[in-house]
Amino acid sequence: HHRSLHATPKVREAASRQPRIGAVQYLNTRPLIYGLGGELIFDLPSRLADRLAQGELDVGLIPSIELFQGMAHAGEASGQAGYQIISRACIACRGPVMSVRLFFRTRPERVRTLAVDEGSRTSAALCRILLAQRFGLAPSLETLPLDATIDQTSADAVLLIGDRAIGPTDGGFQAVWDLGDEWFRSTGLPFVFAVWAARPGFDANRVGQLLDAARDRGGANLAAIAAAEAASHGLTVPQCLDYLSDNLHYDLGPQEKRALQLFYREA
């Protein structure tokens, strides 16, 4: 499909305005958006994906499960591709991730009910994949609202993500799984939580370079990010720096792409 050399006025107008880039406010996202400033629109992960699908955003940091929705919904007949990944920046882990954990009140092989954090489409899918693979389980699901605590559900297992997963929780659990670690043990691959994607038809070359550069800046300034962010996330600065530098990595390489394909098949 060759692009027309004579861009329509609408296309020229779109090319001249600032791209609309959506991101999330999570701690793990800070290294990817370092120094991007005013070009960002913040929203919840699931909302970002919806707004990207509706064309309200040009580019979004979307949970990897949403990338597959784009693949599934891309109409073959219309010749549309789904979302395009536009940057080598991502949010991934190779082993423990610390901020995505599954707390078991029963022995893991006995789980019948599963409560999943309201913010967590990708982690919820990962959690269900692991329980199905290990034990052939398909527990019934309930949603744990963002403002609810773990003791407000009586589910056999509870998935928490983000700040509330990192914090210590009072004991009484039969087991706790770090889902990044469990995935790594079963596959030998990293796990990719989020990628920068553009809506179909958006020319994202320049934005992709911008996002790569922000990731490089963020990676060079992890200590500054930890110092600025730790207190508001209930962490010490060393804990915060460990999380950003040891638990997470931000490079979408060949192994990460393989891991995304495997996750897609399993999901």
Side-chain angles (χ1 to χ4, degrees), residues 23-24 26 28-29 31-33 45-46 48-49 52-53 59-74 76 80-102 116 120-138 159 161 165 177-200 202 204-205 207-209 211-216 218-219 243-267:
V24 289
Y26 295 161
N28 61 17
T29 307
L32 291 194
I33 60 175
S46 51
L48 286 179
L52 193 60
V59 170
L61 182 65
I62 63 169
S64 49
I65 196 89
E66 303 293 348
L67 191 64
F68 312 147
Q69 314 288 1
M71 286 158 73
H73 295 165
E76 299 280 324
Q80 280 280 39
Y83 298 136
Q84 22 168 357
I85 296 179
I86 59 159
S87 168
R88 56 188 169 79
C90 70
I91 296 173
C93 65
R94 282 189 204 96
V97 67
M98 200 160 100
S99 58
V100 181
R101 295 200 292 168
L102 184 57
V116 299
S120 72
R121 289 181 190 176
T122 295
S123 301
L126 173 56
C127 170
R128 292 165 71 192
I129 287 167
L130 289 167
L131 288 171
Q133 280 181 343
R134 299 273 167 91
F135 308 117
L137 294 176
L159 170 69
I161 67 166
W177 282 4
D178 180 305
L179 293 197
D181 202 30
E182 297 299 328
W183 169 265
F184 182 71
R185 286 178 197 212
S186 42
T187 65
L189 290 169
F191 190 81
V192 181
F193 289 95
V195 295
W196 285 114
R199 61 179 171 77
F202 180 69
N205 268 344
V207 184
Q209 291 164 3
L211 297 172
D212 288 351
R215 195 281 312 262
D216 293 345
Y243 172 62
L244 293 173
S245 56
D246 294 350
N247 293 102
L248 295 172
H249 73 272
Y250 308 97
D251 190 43
L252 188 67
Q255 290 286 87
E256 286 71 25
K257 288 177 180 166
R258 276 185 57 210
L260 274 175
Q261 287 168 342
L262 179 61
F263 181 47
Y264 177 48
R265 288 203 301 275
E266 296 291 343

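Hydrogens, waters and symmetry mates play no part in the numbers below; they use all other heavy atoms, side chains included.
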**Item:** Check: Tyr250 main-chain N/O paired with Arg215 side-chain donor or acceptor under 3.5 Å
**Value:** yes
**Item:** Rounded distance [0.5 Å steps], CG in Leu159 versus OG in Ser123
**Value:** 5.5 Å
**Message:** Working to the nearest 0.5 angstrom, can you tell me the gap between Leu32 CG and Cys90 SG?
**Reply:** 7.5 Å
**Request:** Examine distances only and state if a side-chain atom of Gln84 and a backbone atom of Phe202 form a donor-acceptor pair shorter than 3.5 Å.
**Result:** yes
**Message:** Within this structure, what is the CG-OG distance for the pair Leu252 and Ser64, rounded to the nearest 0.5 Å?
**Reply:** 10.5 Å
**Message:** The test is side chain to side chain contact (heavy atoms under 4.5 Å, CB included); show your working for His249 and Glu256 and say whether it passes.
**Reply:** CA-CA 10 Å; His249 73 272; Glu256 286 71 25; 2.8 Å; yes
**Item:** Inter-residue atom distance Leu179.CG - Phe193.CZ, 0.5 Å rounding
**Value:** 7.0 Å
**Verdict with supporting geometry, Leu262 and Trp183, side chain to side chain contact (heavy atoms under 4.5 Å, CB included)** = CA-CA 11 Å; Leu262 179 61; Trp183 169 265; 3.9 Å; yes
**Closest non-hydrogen atom pair, Ala197 against Tyr83** = CB-CB, 3.9 Å
**Asked** When rounded to the nearest 0.5 angstrom, what is the spacing between CZ in Phe68 and CZ in Arg121?
**Response** 13.5 Å
**Prompt:** Within a strict 4.5 Å, meaning less than it, do heavy atoms of the Ile33 and Leu61 side chains meet?
**Reply:** no
**Message:** Could you report the tightest heavy-atom contact between Ser99 and Ala165, atom names first, then the distance?
**Reply:** O-CB, 3.4 Å
**Message:** Going by side-chain contact (heavy atoms from CB on, under 4.5 Å), Ile86 matches just one of Val195, Leu211, Asn205. Which one?
**Reply:** Leu211
**Request:** Examine the side chains of Arg258 and Gln261 and answer whether a donor and an acceptor come within less than 3.5 Å of each other.
**Result:** no
**Fill in**
Between Ala204 and Ala198, the two heavy atoms sitting closest are CB-CB, 4.0 Å
**Complete:** For Ala49 and Ile62, the nearest pair of non-hydrogen atoms, with its separation, is CA-CG2, 4.1 Å
**Prompt:** Quick one: are Met98 and Cys93 in side-chain contact, heavy atoms under 4.5 Å?
**Reply:** no
**Message:** Any non-hydrogen side-chain atom of Trp196 less than 4.5 Å from a side-chain atom of Asp212?
**Reply:** no
**Heavy-atom check, side chain of Asn28 versus side chain of Val97, under 4.5 Å** = no
**Item:** Check: Gln133 side chain, Leu130 main-chain N or O, donor-acceptor pair, under 3.5 Å
**Value:** no
**Carboxylate-amine/guanidinium proximity below 4.0 Å for Glu266 and Arg128** = no
**Message:** What's the separation between atom CZ in Phe191 and atom OG1 in Thr122, rounded to the nearest 0.5 Å?
**Reply:** 6.0 Å
**Asked** Is a salt bridge present between Asp216 and Arg88, judged by a nitrogen-to-oxygen distance below 4.0 Å?
**Response** yes
**Asked** Which heavy-atom pair separates Phe263 from Ala125 by the least distance, and what is that distance?
**Response** CZ-CB, 3.9 Å
